[in-house]
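Just so we're on the same page: letters track the sequence lines, and every chain starts at 1. A quick note: this is a predicted structure, and the numbers were derived from the prediction, not measured.
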Amino acid sequence: MQAFQYKKANDVDGAIGAGSTAGLKFVAGGTTLIDLMKLNVERPTMVMDINSLPLTKIEKTADGGLRIGAMVRNSDLAHDLTVQKGYPVLSQALLSGASPQLRNMASTGGNLLQRTRCYYFRDTAYPCNKRNPGSGCSAIDGYNRIHAVLGTSEHCIATHPSDMAVAMVALEASVQVKGSNGERTVPLKDFYFVPGSTPNRENVLAPGELIMSVTLPRLADGTRSYYLKRRDRASYEFALASAAVVAQMQGRRFQRIRIALGGVGTKPWRSTEAETVLESHEASAQNFRKASEAALSGAKAMHDNAFKIELAKRTLVRALTVVTSAA
Amino acid sequence: MSTKYIGQPISRVDGRAKVTGQAKYAGEYNVPNLAYGVIVSSAIAKGRITNIDSTKALSLNGVLQVFTHKNAPRTAERDENYWDEVAPPGSPFRPLQNDKVMFSGQPVALVVAESFELAMYAASLVQVEYKIEQHVTDLDQVRNEAYVPRPREGIDPPAKPRGNPESALAGAPVKIEVEYSAPVEHHNPMEPYATTVLWEGDSKLIVYDKTQGSVNNHDYVCNVSGLSSDQVRLLSPYVGGAFGSGLRPQYQLVLAVMAALGLKRSVRVTLRRQQMFTLGHRPRTIQNVALGAATDGKLQALIHQAIAETSQYEDYSEPVVNWSGELYQCDNVKLGHKVVHLDFCTPCDMRAPGAVWGLYAIESAMDELAYKLRMDPLELRLKNYTERDLNNNKPFSSKELRECYRQGAERFGWSKRNPEPRSMRDDGSLIGWGFATGAWDAMHFPASAKAVLSADGKLMVGSATADIGTGTYTIMTQIAAETLGLPIEDVTFKLGDSTLPKAPVEGGSFTAASVGTAVKQVCDKVRGKLFRVAQTLPKSPFANAKLEDITFADGHMMLTSDPGRSVSIQEAMRHGGLSSIEESADAAPDEAKRSQYTLHTHSAIFAEVKVDEDLGTIDVARVVSAIAGGRILNPKTARSQIMGGIVWGIGMALEEESVVDHKFGRFMNHNLAEYHVPVNADVHDIDVIFVEEHDSIVNPLGVKGLGEIGIVGVAAAIGNAIFHATGVRVRDLPITLDKVLAGVAVPKREILAPAA
């Protein structure tokens, strides 16, 4: 573990001002960063604690959406009544992730930025392009059962681990970030990069930029949503495949549908292909299967993770079945 | 008040200390001027260290030393000095004594600093260069090189073949020939390995160590460091789980001692979770089982052969195959066990070593045979039930397995099972009911104990055994309190201290029997002394009595025939002018008697699984385990033991695996997020039955030990239930959802064909 300086940020502007200092990392709940520091994967020389920043509100926006402060803890967000009623998919996704202890610490902004669980990334004994650009990807020819099948490149196949972000992508959330050049809003679906040839670059944040909040748009009345996650045990485990579905029905037809997949992509995976198959079409087993085929049409299997393609399809079919059969 | 404690569900006597944080573990002893050691682990699996650059680490203010093979104090030269009580044959690993790397994660340097954080930082600055050699970590790759390992003390080699197994198999009307595969597993107790060495000056050390054997590790420290016995006291009063990983000294012990002697300071070395995957493990094991039977189910041939891994430097082996020959009546049997060298550290006994893999295979195979015979799996077991151990041609000292089958089946509702796979459903899910048998040894080793009864009626009993969460403190306290008829609050049991009378390592399920017998004997000696003193009282009610006529209860001695005539224990002490009674006892098993029998515990495990076939999800809805384990000293701690075994069995069946990257020869999922053991949500109904079993041969207490039997057979029962639910036979543990989904895509229906 690298020795580091610790500083506490008292206000947002102070944090942002210091944010571009070389070797600085912001720490919120610390559930990813501190782990990785102990593993020598993250080696910041300065850690700025943003836990006392006033970014802890969950509030209605003027147009009926919901703004979630970056420091809202995962537990608080999952158990928020507005979220449970209006955005059940988000509450379900949050509660399917990690453990109660971790959710009590983990923040909304931090969850968006959590790093992959790729074994090779988390162990400095292995080459890894994400951790050490240009050193090679050990997963591609290695043991890759938990790795991604969508959005991979010849440089990286690491899976994005978040459940929350998958639900938020399906909810068409946007992220408000603030840096020394001011504040900007980025749609969450554009927030993440696929690895390409620079797997070390994971998102659009510039050095020193801080996530301020996540905004969920208002959903039309009667919108249903659901999150389904498959994994190797019943709790405290990352997804092998998950599906977030947000659907507005007109009778048995989808008036509007948003679909995102987790556990299979190098980023939270919005599937417009699946949405196109379903939108203005009928909710039927046949269409669900067609949509899931479309969602995984670009999937590329490695030696050990081919099962994820079929599992993801079935997970999506099941999620669609549940969301359309709900009373 | 009653002082009848044996057989009562007494709560753990150490429970309060544990849940309130009063119980201190090896890494929690804080003393002034303590230095902190952090181990640097090898990044390669095999090769030579060509250079270690410690300059950057040493340049930090507060870093005391970086020990490497270049500068570490030399420990003993000879292998014998490293042979601990349970070492397998070979040349044990000795950290920092040469430039050889023999497994990935091997300690290559120890950084010692004034603070833990500083030591962590400095460790990250140590640069190690290697000359890499080609390693082999894939058992499948070298299985043709398997050899018969040198025999390990205390473990019977596979029994000699009997009858003519090959031709009997060839001629059998119904047969199966299958291969089962089991992965590496790591013990992963909650408490990581840790040692705090207190430097007492003059090369005198007090060593707080996490171990299952304080005497074993004490002797090891002396043997490897050249210190005399009285220079070292090793203590291990509380152990946060071990499961066999603490049977042998772990490398942080010798490193901490080395640093303390080198720096003449108190030093603590604690392993990180990642480093817990660089210790001994349950070996990956491949097993081939062939069974031949008559159409009525009578076994005609049984062939069971295992290939497991060991390291390059020791011949580790475990009892995998003998169970098959002992469990069933079969005249044509062949058993074999071989190992291959891999570039891992030596495997290590892990809860029911050998038996969990062996019974997984034979009990899965018996299930497969039952389907082929179109016979109830339980009926097949009964058809081949044996009252004699045919491997050794001896009777069993006791064997209530038939009763386990009966009571377990009744509690589970086995008779309502539809034998056809995929025939039972509930709420859209497939339901499967599976069954398996378990067995383990009822061992007994010499152990000693001492007892001190004070004039105030308080009793201290001690033995250098361990309590690794099993309940040793509690059951020994019960035995002592009941033997002397004292209130349990007045009895203290001490363990985990090398200065106490010698006990073997705590393992193999032999502690209750071995140490329990010593505790009983030493308390019997105190009884004798008290009785003799009581006889000298004026007008003693016992003047004409014999010790056998006396009952010790409620703090008194009394005539069994006339309890009104009694003497209080304190009164006797006072009268005799005794400030205390001190006794010691060396208890040994009655080998003349025991050796005429095979001594085992048995179990029957019934499991129900619920399978969502579409998504591959498997839930173990309930498990019933019926145990024949001799006399149950404490049904509460006993039940906990069995439940823990079952929970672990669920993990073994569905989740647990140390995954290896063979290109790097390194375990990959070295943390408790990716190394899967069951979480609460994976565990549903568990029902434990203790079948009555009386055994006067096994030992005077009639106890057989329960540490291992709970886990044995559980994985087979669950695998069998999964087959019953889905028609998919996964022969490769753990049975993860991808394997089930793959099987569902191509159902192995051929196995359902009626018997030829």
Side-chain angles (χ1 to χ4, degrees), chain A residues 1-4 31 35 37-41 43 45 96 98-100 102 117-127 138-146 161 228-238 240-241 243 304-319 321, chain B residues 38 41-45 60 104-105 116-125 272-274 612-619 650-651 654-657 659-664 666-674 676-684 734 736-742 744-745:
Chain A
M1 191 178 196
Q2 170 80 37
F4 62 92
T31 56
D35 273 16
M37 286 167 68
K38 288 181 184 169
L39 296 171
N40 281 316
V41 172
R43 295 177 66 85
T45 48
S96 77
S99 65
L102 287 165
R117 299 298 299 192
C118 173
Y119 313 112
Y120 300 99
F121 170 72
R122 292 172 56 86
D123 184 340
T124 56
Y126 299 109
S138 303
I140 287 173
D141 295 321
Y143 179 70
N144 43 40
R145 179 174 178 270
I146 64 170
L228 179 63
K229 176 175 175 179
R230 301 317 317 152
R231 46 182 155 177
D232 278 323
R233 60 181 170 189
S235 175
Y236 188 53
E237 170 60 354
F238 294 88
L240 290 169
D304 306 304
N305 64 358
F307 77 97
K308 277 192 170 188
I309 297 177
E310 181 60 23
L311 181 66
K313 289 178 188 172
R314 294 183 183 192
T315 303
L316 177 55
V317 168
R318 180 70 63 85
T321 310
Chain B
V38 166
S41 305
S42 154
I44 67 159
L60 297 174
S104 189
F116 175 65
E117 292 76 9
L118 186 60
M120 282 276 284
Y121 175 37
S124 76
L125 300 177
R272 297 192 293 279
R273 181 58 60 184
Q274 184 172 351
D612 181 327
E613 188 174 19
D614 197 30
L615 299 178
T617 316
I618 303 165
D619 256 327
I650 294 172
L654 304 180
E655 297 170 358
E656 208 172 336
E657 177 175 16
V659 184
V660 186
D661 182 303
H662 293 300
K663 188 173 160 194
F664 293 88
R666 190 170 170 89
F667 292 110
M668 308 174 66
N669 50 340
H670 40 55
N671 62 67
L672 291 183
E674 267 87 24
H676 299 146
V677 298
V679 292
N680 281 327
D682 292 318
V683 181
H684 303 287
T736 47
L737 61 79
D738 43 326
K739 296 176 189 170
V740 175
L741 287 175
V744 171

Nearest non-hydrogen partners of [X] and [Y], listed with the distance:
X: B:A673; Y: A:Y236; answer: CB-OH, 3.9 Å
X: A:R233; Y: B:V677; answer: NH1-O, 2.6 Å
X: A:M1; Y: B:S124; answer: N-CB, 3.6 Å
X: B:L737; Y: A:F307; answer: CD1-CE1, 4.0 Å
X: B:L615; Y: A:L228; answer: CD1-CD2, 4.2 Å

Using a strict threshold of under 4.0 Å (side-chain N to carboxylate O), is an ion pair present between A:K308 and B:D738?
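No, no charged N to carboxylate O under 4.0 Å.
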Counting only non-hydrogen atoms closer than 4.5 Å, does [X] touch chain B with its backbone (N, CA, C, O), its side chain (CB onward), both, or neither?
X: A:F4; value: neither
X: A:Q2; value: both
X: A:D232; value: both
X: A:R231; value: backbone

With a 4.5 angstrom heavy-atom cut-off, is it the side chain or the backbone of [X] that approaches chain A, or both, or neither?
X: B:F116; answer: neither
X: B:N671; answer: side chain
X: B:D612; answer: side chain
X: B:L60; answer: neither
X: B:H670; answer: side chain

Sub-4.5 Å side-chain heavy-atom contact between [X] and [Y]:
X: A:E237; Y: B:V679; answer: no
X: A:E310; Y: B:L741; answer: no
X: B:D661; Y: A:Y126; answer: yes

Supply the atom-to-atom distance A:C118 SG to B:E674 CD, rounded to the nearest 0.5 angstrom.
9.5 Å
Let me confirm one number: the CG-CZ distance from A:D35 to B:R273, rounded to the nearest 0.5 Å.
13.0 Å
Got a sec: does the NZ of A:K38 have more than 12 other heavy atoms crowding it under 6.0 Å?
no
Going through the distances and angles, do A:R318 and B:D614 end up as a salt bridge (Lys or Arg N to Asp or Glu O under 4.0 Å)?
CA-CA 9 Å; A:R318 180 70 63 85; B:D614 197 30; 3.6 Å; yes
What is the ring orientation for A:Y120 with B:F664, classed by angle as parallel under 30°, tilted 30 to 60°, or perpendicular over 60°?
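Tilted: the ring planes of A:Y120 and B:F664 meet at 30° to 60°.
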Out of A:D123, A:L311, A:L240, A:T315, return the one with the most heavy atom pairs under 4.5 angstrom to chain B.
A:D123
